[in-house]
Amino acid sequence: MTETILVDFNNPVVVGNELQYMAEAIAFAKTSGDGPFTHKASALLEKELGVPKVLLTTSCTHALEMFALLLDIQPGDEVILPSFTFVSTVNAFVLRGAKPVFADVRPDTLNLDESRLEALVTPRTKAIVPVHYAGVGCEMDAILDIAGRHAVPVAEDNAHGLFGKYKGKYLGTFGALAAQSFHETKNFSCGEGGALLINDPKYIERAEIIREKGTNRSRFFRGQVDKYTWVDVGSSYLPSDILAAYLLGQLEQREKVQSHRRKVWDFYDAALKDWAQTHEVGLPHIPAHVEQAYHMFYMLLPTLELRQAFIAHLRRRGILSVFHYLPLHLSDMGRRFGGQPGDCPVTERVSDQLVRLPFHNALAESDLQKVVDAIMEFDF
Ligand SMILES: *Cc1c(COP(=O)(O)O)cnc(C)c1O
C-alpha cells in the first residue's frame with residue numbers, strides 16, 4: 001500500500017480570508033473565546049439560518065455534550081438515536097448516565113426511520129436525536145409530531161447538514177437544540193470546532209453558563225450583573241477567537257463552497273448512474289422535499305466483500321475512499337447496553353455496503369474523472 005495518492009478523500013483548504021482574519025485576531029491580542037471573530041461567525045449563522053442564538057463550541061462533540069446538560073439527562077434516562085451515526089452522538093448522553101435506545105434507519109436515506117420511532121418511546125425517554133445523514137434531512141414532520149405527542153424534546157445532530165433544508169426550512173432549526181461540526185472533514189471547518197444552535201430561547205441563558213465553566217461570565221460582560229461567579233455545572237466549551245477567525249473566512253464563502261460541492265455531487269451522480277444500475281449498486285436518494293447539504297457522495301455495493309475489493313481497487317489507482325459507521329449497537333459499548341445482531345437490520349446491512357468517494361472543496365473535474373474512470377474499471 002505505498003502507491004502515490006492521486007485523489008485524496010479529504011483536503012481542508014483555505015477558501016477565502018481565513019489567514020488574514022487569523023492574523024487580525026492575533027493582532028487584536030484577545031485570542032481567548034468570545035472575541036470579535038466569534039461574535040461575527042455566530043452572528044452570520046444566526047442571521048443566515050434564522051436561529052435565535054448560536055454559540056460556537058470547541059467541537060460538535062461538545063455541542064452534543066451541552067445537549068445532555070441542557071436537557072438535564074439523568075442516570076437511567078433513555079435517549080433515542082440512530083445506531084448508524086458517529087460515536088459522539090451517543091457518548092454525549094452516556095456520559096450523563098443515559099441508556100441509549102438505538103433506532104434503525106430508512107433504507108433509502110439512511111436516516112432515522114420515523115415509522116419505527118414511536119415504538120421506542122417509553123416514559124423514560126428524555127430526548128430524540130435525529131442525525132441528518134449526508135446532509136439529507138430526516139422526516140422532521142413525523143419526528144416532531146411523535147416527539148410532541150410524548151412531550152419529548154428533539155435535538156438535531158446536524159454535523160453533516162449545515163445549509164441543507166427540509167421542506168424549505170434549514171436543517172438545525174427544527175429541534176429545541178441542534179449541533180454543527182467544523183471538523184476538518186466537514187463542509188466548513190476550522191480544524192476542530194462546532195456550534196450549538198438554540199431554537200428554544202428558554203435554553204439560552206443556561207447554555208451560556210454551561211459553556212463558560214458554570215459561571216455567569218456572559219451576563220457580567222453584558223453588564224447585567226456586577227460580578228461573575230460559579231452558578232451551575234459547566235465546562236470550557238468555547239473556542240479560541242483565532243479558530244473563529246478561520247471559521248468566519250470559511251463561512252463567508254458559503255455560496256462558493258456549496259455550489260462547488262453541488263457540482264462534485266452532480267458529477268458523480270450523472271457519471272455513475274447507468275453503471276450503478278447495471279451493477280446493482282445503490283446511489284444516494286434525495287427526497288423531492290429535501291435540499292441536501294452536499295456533504296458526501298456514497299455508494300452501496302452489493303456485499304461486504306465487494307465493498308472491500310472496491311476500496312482496494314481504488315486504492316491501487318491512487319484514490320482514497322472510505323467506509324462509514326460500524327453499527328453502534330454492535331460495538332463493544334453498544335453490546336454493554338444490550339445491543340444484539342438483528343436489532344437494526346438496515347443499519348447492519350448498509351454498514352457493510354457503504355463506501356464514500358473523495359469529496360472536498362479542492363476537487364477539480366480532472367480528479368472526479370479519475371475517480372469515475374477507476375470505478376468503471378471495477379469489474380464484477
Ligand atoms: C463529525 C460528526 C460529529 C462530531 O463532530 P466533531 O466536531 O468532530 O466533534 C458528530 N456527529 C456526526 C454525525 C458527525 O459526522
Side-chain angles (χ1 to χ4, degrees), residues 60-61 64 78-94 98-122 125 127-140 142-143 146-147 154-161 171 179 181 185 280-287 290 292-293 295-308 310-311 321-357:
C60 179
T61 300
L64 292 161
E78 294 177 2
V79 175
I80 302 173
L81 69 157
S83 172
F84 193 64
T85 183
F86 189 61
V87 287
S88 293
T89 321
V90 66
N91 252 334
F93 295 96
V94 169
K99 175 180 184 276
V101 174
F102 293 111
D104 206 359
V105 292
R106 295 167 56 114
D108 56 355
T109 56
L110 315 188
N111 279 331
L112 191 149
D113 187 342
E114 70 285 354
S115 72
R116 292 163 187 274
L117 174 59
E118 193 150 24
L120 302 175
V121 177
T122 77
T125 307
I128 297 170
V129 188
V131 178
H132 304 297
Y133 186 72
V136 176
C138 294
E139 286 306 320
M140 291 313 297
I143 291 170
I146 294 163
V154 171
E156 303 166 73
D157 181 339
N158 195 32
H160 301 178
L171 303 179
S181 175
T185 51
E280 293 184 6
V281 167
L283 296 186
H285 169 72
I286 317 297
V290 164
Q292 63 155 318
H295 176 56
M296 70 168 87
F297 192 92
Y298 65 80
M299 303 169 72
L300 296 168
L301 275 292
T303 64
L304 174 63
E305 292 67 31
L306 280 170
R307 196 269 306 270
Q308 297 307 83
F310 180 89
I311 291 174
S321 61
V322 298
F323 59 85
H324 213 204
Y325 296 152
L326 299 170
L328 286 177
H329 69 286
L330 298 180
S331 64
D332 289 353
M333 271 299 276
R335 282 176 193 265
R336 278 193 242 164
F337 287 104
Q340 295 283 334
D343 287 353
C344 299
V346 180
T347 300
E348 290 165 36
R349 189 176 76 235
V350 298
S351 166
D352 282 348
Q353 298 178 311
L354 193 138
V355 56
R356 298 171 64 185
L357 299 183

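No hydrogens, no waters, no symmetry mates; every other heavy atom, side chains included, goes into these values.
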Report the distance from atom [atom1] of [X] to atom [atom2] of [Y], rounding to the nearest 0.5 Å.
{"X": "T89", "Y": "L81", "atom1": "OG1", "atom2": "CG", "result": "6.5 Å"}
{"X": "F93", "Y": "I80", "atom1": "CZ", "atom2": "CD1", "result": "11.5 Å"}
{"X": "L306", "Y": "L300", "atom1": "CG", "atom2": "CG", "result": "12.5 Å"}
{"X": "H132", "Y": "M140", "atom1": "NE2", "atom2": "CE", "result": "5.0 Å"}
{"X": "I286", "Y": "Q292", "atom1": "CD1", "atom2": "CD", "result": "4.0 Å"}
{"X": "C138", "Y": "I128", "atom1": "SG", "atom2": "CD1", "result": "11.5 Å"}

Considering non-hydrogen atoms only, spot the tightest contact between [X] and [Y] and give its length.
{"X": "G137", "Y": "N111", "value": "O-ND2, 3.2 Å"}
{"X": "V79", "Y": "A98", "value": "CG2-CB, 4.1 Å"}
{"X": "V105", "Y": "L112", "value": "CG1-N, 3.9 Å"}
{"X": "L171", "Y": "V136", "value": "CD1-C, 4.5 Å"}
{"X": "L326", "Y": "F323", "value": "CD2-CE1, 4.3 Å"}
{"X": "S351", "Y": "R307", "value": "O-NH1, 3.1 Å"}

| message | Please tell me whether H329 and E348 have a donor and an acceptor in their side chains that are separated by less than 3.5 angstrom. | response |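 Yes.
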| task | Give the C-alpha distance, both sets of side-chain angles, the deciding distance and a yes or no for side chain to side chain contact (heavy atoms under 4.5 Å, CB included) between D157 and F86. | result | CA-CA 10 Å; D157 181 339; F86 189 61; 5.6 Å; no
| request: Applying side chain to side chain contact (heavy atoms under 4.5 Å, CB included), run through T61 and N91 and close with a yes or a no. | output: CA-CA 8 Å; T61 300; N91 252 334; over 6 Å; no
Sequence neighbours excluded and cut-off under 3.5 Å, please list the side-chain donor-acceptor pairs for residues 333-345, or say none.
{"from": "R335", "atom 1": "NE", "to": "L330", "atom 2": "O", "distance (Å)": "3.1"}
{"from": "D343", "atom 1": "OD2", "to": "Q340", "atom 2": "N", "distance (Å)": "2.8"}

| request: List the steps and the verdict of side chain to side chain contact (heavy atoms under 4.5 Å, CB included) for V101 and T122. | output: CA-CA 10 Å; V101 174; T122 77; over 6 Å; no
| Is V322 close to H324 at the side-chain level, that is, under 4.5 Å between some pair of heavy atoms? |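 In short, these two side chains do not touch, never coming nearer than 4.5 Å.
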| message | Less than 4.5 Å apart, side chain to side chain, heavy atoms only: is that true for P130 and V154? | response |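 Answer yes - side chains close enough.
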Short side-chain to backbone donor-acceptor contact, [X] and [Y], under 3.5 Å:
{"X": "Q353", "Y": "T303", "answer": "no"}
{"X": "S83", "Y": "L328", "answer": "yes"}
{"X": "H160", "Y": "A134", "answer": "yes"}

| field | Aromatic plane relationship, Y325 with F84 - under 30° parallel, 30 to 60° tilted, over 60° perpendicular | value |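 Perpendicular: the ring planes of F84 and Y325 meet at over 60°.
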| Working for side chain to side chain contact (heavy atoms under 4.5 Å, CB included), residues L283 and F297 | CA-CA 8 Å; L283 296 186; F297 192 92; 4.0 Å; yes
| field | Heavy atoms of other groups near Q308 CD, more than 12 under 6.0 Å | value |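 Yes, the 6.0 Å shell around CD holds more than 12 heavy atoms from other groups.
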| request: Could I get the full list of salt bridge (charged side-chain N to carboxylate O under 4.0 Å, His left out) partners for E114, not counting sequence neighbours? | output: R106
